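Note sheet for the following structure.
What you see is a predicted model; the values in this text were computed from it and never measured.
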Amino acid sequence: MGTIRWTLLIAGAAAALLFAGAQVFRVQISEYLFERAVKQNIGRNSAAGLEDGLHVYVCGAGSPFPDPQRGGPCLALVAGDQHVIIDAGSGGIRTLTRMGYPVAEIDAVFLTHLHSDHLDGLGELLMQAWVNGGRDVPMPVHGPAGVDEVVNGFNAAYRIDSTYRTGHHGPEIANPEGRGGAPIPITMPAGPGGQSVVYDAGGLTITAFKVSHAPVEPAYGYRADYKGRSVSISGDSIYDSNLVAASTGADLLFHDALNPDMVLRMREAIAQAGRDDLAKVLNDILDYHATPADAARAAQDAGAARLVLYHTVPPLPSRALNALFMKDAQALFDGPMEVAEDGLIYSLPAANTSIEVKKAF
């Protein structure tokens with residue numbers, strides 16, 4: 001017993017000394033940790049070391065509902081020297097910065113449709129790309145009819161702030177000629193089944209296609225092709241035959257998904273709390289998003305190699321909920337399927353047919 005007692009006393013004394021030492025040197029320890037974080041993150045370009053191919057950064061896998069794992073809809077592409085953003089949901093540009101995405105090298109932004117959750121981060125994205133990138137021309141922002149009103153509105157909202165940036169940093173850093181966005185409305189051939197090539201540079205081709213998101217009209221999805229690899233992105237849509245046709249043979253399909261059973265449980269709880277207005281909103285959203293099963297069926301019909309569910313409704317604050325979210329879908333798709341979260345990078349090397357996934361933070 002004496003030996004045990006002395007061992008415990010020695011261990012306690014050592015712990016006390018370590019704690020006291022940590023308190024004495026806490027400033028030095030904090031300074032070391034800060035310096036390490038600065039060296040590892042400031043100016044980091046995680047795209048520089050990527051193998052040549054098509055890469056997707058998940059900068060926003062969520063919806064308007066608060067979700068600790070997911071910001072507003074945002075996907076970013078890297079294809080050779082091309083850098084393109086698909087949708088600019090809230091928090092997207094900050095997530096991209098954390099991921100080491102080369103914000104200064106963004107070539108263009110594409111909006112799937114003009115719902116606020118897909119563009120409420122656009123002002124910050126344009127500002128960051130302008131100042132951090134030293135742009136001399138406004139950022140091209142492609143989107144459905146009405147994109148000019150949206151982009152010009154952001155330009156107006158940020159005009160006063162931009163004069164402060166130029167006044168503070170100088171025109172060499174914040175050239176007033178390069179601020180804001182330049183809207184480019186996308187036009188489609190008349191009739192059903194519309195598709196149109198909207199970007200072709202550096203080997204990257206982006207094709208816009210119509211999807212079904214009534215009463216939003218028009219709403220688009222996008223397909224990106226680069227050196228034999230392909231990614232299709234639904235935007236917001238129900239099961240849509242045009243989306244299936246445009247996504248045929250895609251290596252990777254990102255499809256929005258809403259689980260109606262889970263949303264209905266939320267609606268019941270909100271109605272019991274006396275919020276009939278919010279209960280109606282939850283009821284209304286059921287008919288213009290694909291269910292996980294719809295998304296799985298679309299991926300299967302398109303012959304996509306892999307399915308990633310994003311713009312997930314309801315929020316999924318724990319990965320333990322992913323299985324419940326996908327439970328009706330997994331039997332409908334032969335390939336791998338998962339629920340996206342912010343910070344993931346999907347890499348499709350041009351040299352082979354693999355799909356590699358890693359977490360950036």
Is there a side-chain contact between [X] and [Y] (heavy atoms, below 4.5 Å)?
X	Y	answer
Asp301	Phe333	no
Arg98	Thr95	no
His83	Leu77	no
Leu316	Val339	yes
Phe254	Tyr346	yes
Ile93	Val103	yes
Arg70	Pro315	no
Leu75	Ile85	no

Distance under 6.0 Å and angle within 45° of ring axis: Lys359 vs Phe361: yes
Cation-pi check for Tyr158 against Arg179: NZ or CZ below 6.0 Å from the six-membered ring centre and within 45 degrees of the axis, yes or no? no
How far does [atom1] of [X] sit from [atom2] of [Y], to the nearest 0.5 angstrom?
X	Y	atom1	atom2	result
Leu243	Ser212	CG	OG	9.0 Å
Leu114	Tyr220	CG	OH	9.5 Å
Asn155	Asp148	CG	CG	11.0 Å
Ser237	His289	OG	NE2	10.0 Å
Met326	Asp328	CE	CG	11.5 Å
Met266	Asn283	CE	CG	13.0 Å

[Y] and [X] side chains, donor-acceptor separation under 3.5 Å:
X	Y	value
Tyr288	Asp256	no
Asp225	Thr205	no
Asp342	Gln69	no
Asp87	His113	no

Minimum heavy-atom distance between [X] and [Y], given as atom pair plus value:
X	Y	answer
Pro314	Val263	CD-CG2, 4.0 Å
Pro102	Ala47	CD-CB, 3.8 Å
Arg229	Ile355	NH2-CG1, 3.9 Å
Ala250	Ser232	CB-CB, 4.2 Å
Gly133	Ala104	CA-CB, 3.5 Å
Leu348	Ser230	CD2-O, 3.7 Å

Mind running salt bridge (charged side-chain N to carboxylate O under 4.0 Å, His left out) on Arg159 and Asp161 for me, showing each step along the way? CA-CA 5 Å; Arg159 185 194 65 78; Asp161 176 83; over 6 Å; no
Check whether any side-chain N or O of [X] sits under 3.5 Å from a backbone N or O of [Y] as a donor-acceptor pair, and report yes or no.
X	Y	value
Ser63	Phe65	yes
Ser46	Met99	yes
Thr163	Ile160	yes
Arg135	Val137	yes
Gln300	Asp334	yes
Ser234	Asp236	no
Trp130	Asn175	yes

Could you tell me whether [X] and [Y] have a side-chain N and a carboxylate O separated by less than 4.0 Å?
X	Y	answer
Arg319	Glu341	yes
Asp294	Arg297	yes
Asp251	Arg306	no
Arg265	Asp261	no
Asp284	Lys280	yes

Starting from [Y], can I reach [X] by hopping between I/L/V/M/F/W/Y residues whose side chains sit under 4.5 Å apart?
X	Y	answer
Leu278	Leu264	yes
Ile233	Leu111	no
Ile106	Ile206	no
Val198	Val147	no
Leu252	Phe209	no

Might you work through the side-chain contact (heavy atoms from CB on, under 4.5 Å) test for Val131 and Ile173, ending with a clear yes or no? CA-CA 6 Å; Val131 175; Ile173 300 297; 4.3 Å; yes
Would you check, one step at a time, whether the test side-chain contact (heavy atoms from CB on, under 4.5 Å) holds for Asn259 with Thr291? CA-CA 5 Å; Asn259 185 300; Thr291 67; over 6 Å; no
Dump the intermediate steps for side-chain contact (heavy atoms from CB on, under 4.5 Å) on Leu253 and Val231, then the final yes or no. CA-CA 6 Å; Leu253 172 60; Val231 174; over 6 Å; no
Test side-chain hydrogen bond (donor to acceptor under 3.5 Å, both in side chains) applied to Tyr226 and Gln82, step by step: CA-CA 10 Å; Tyr226 177 78; Gln82 300 298 301; over 6 Å; no
More than 12 non-hydrogen atoms from neighbouring residues, nucleotides or ligands closer than 6.0 Å to CZ on Arg94, yes or no? no
How about His311 and His255: are their ring centres within less than 6.0 Å of each other? no
Under the criterion side-chain contact (heavy atoms from CB on, under 4.5 Å), which of Leu126, Leu122, Val151 is the partner of Met139? Leu126
Using 30° and 60° as the class limits, which term best fits the ring planes of Tyr101 and Tyr57: parallel, tilted or perpendicular? perpendicular
When you look at Lys227 and Leu54, which way does the side-chain contact (heavy atoms from CB on, under 4.5 Å) test go after all the steps? CA-CA 8 Å; Lys227 293 189 176 181; Leu54 183 56; over 6 Å; no
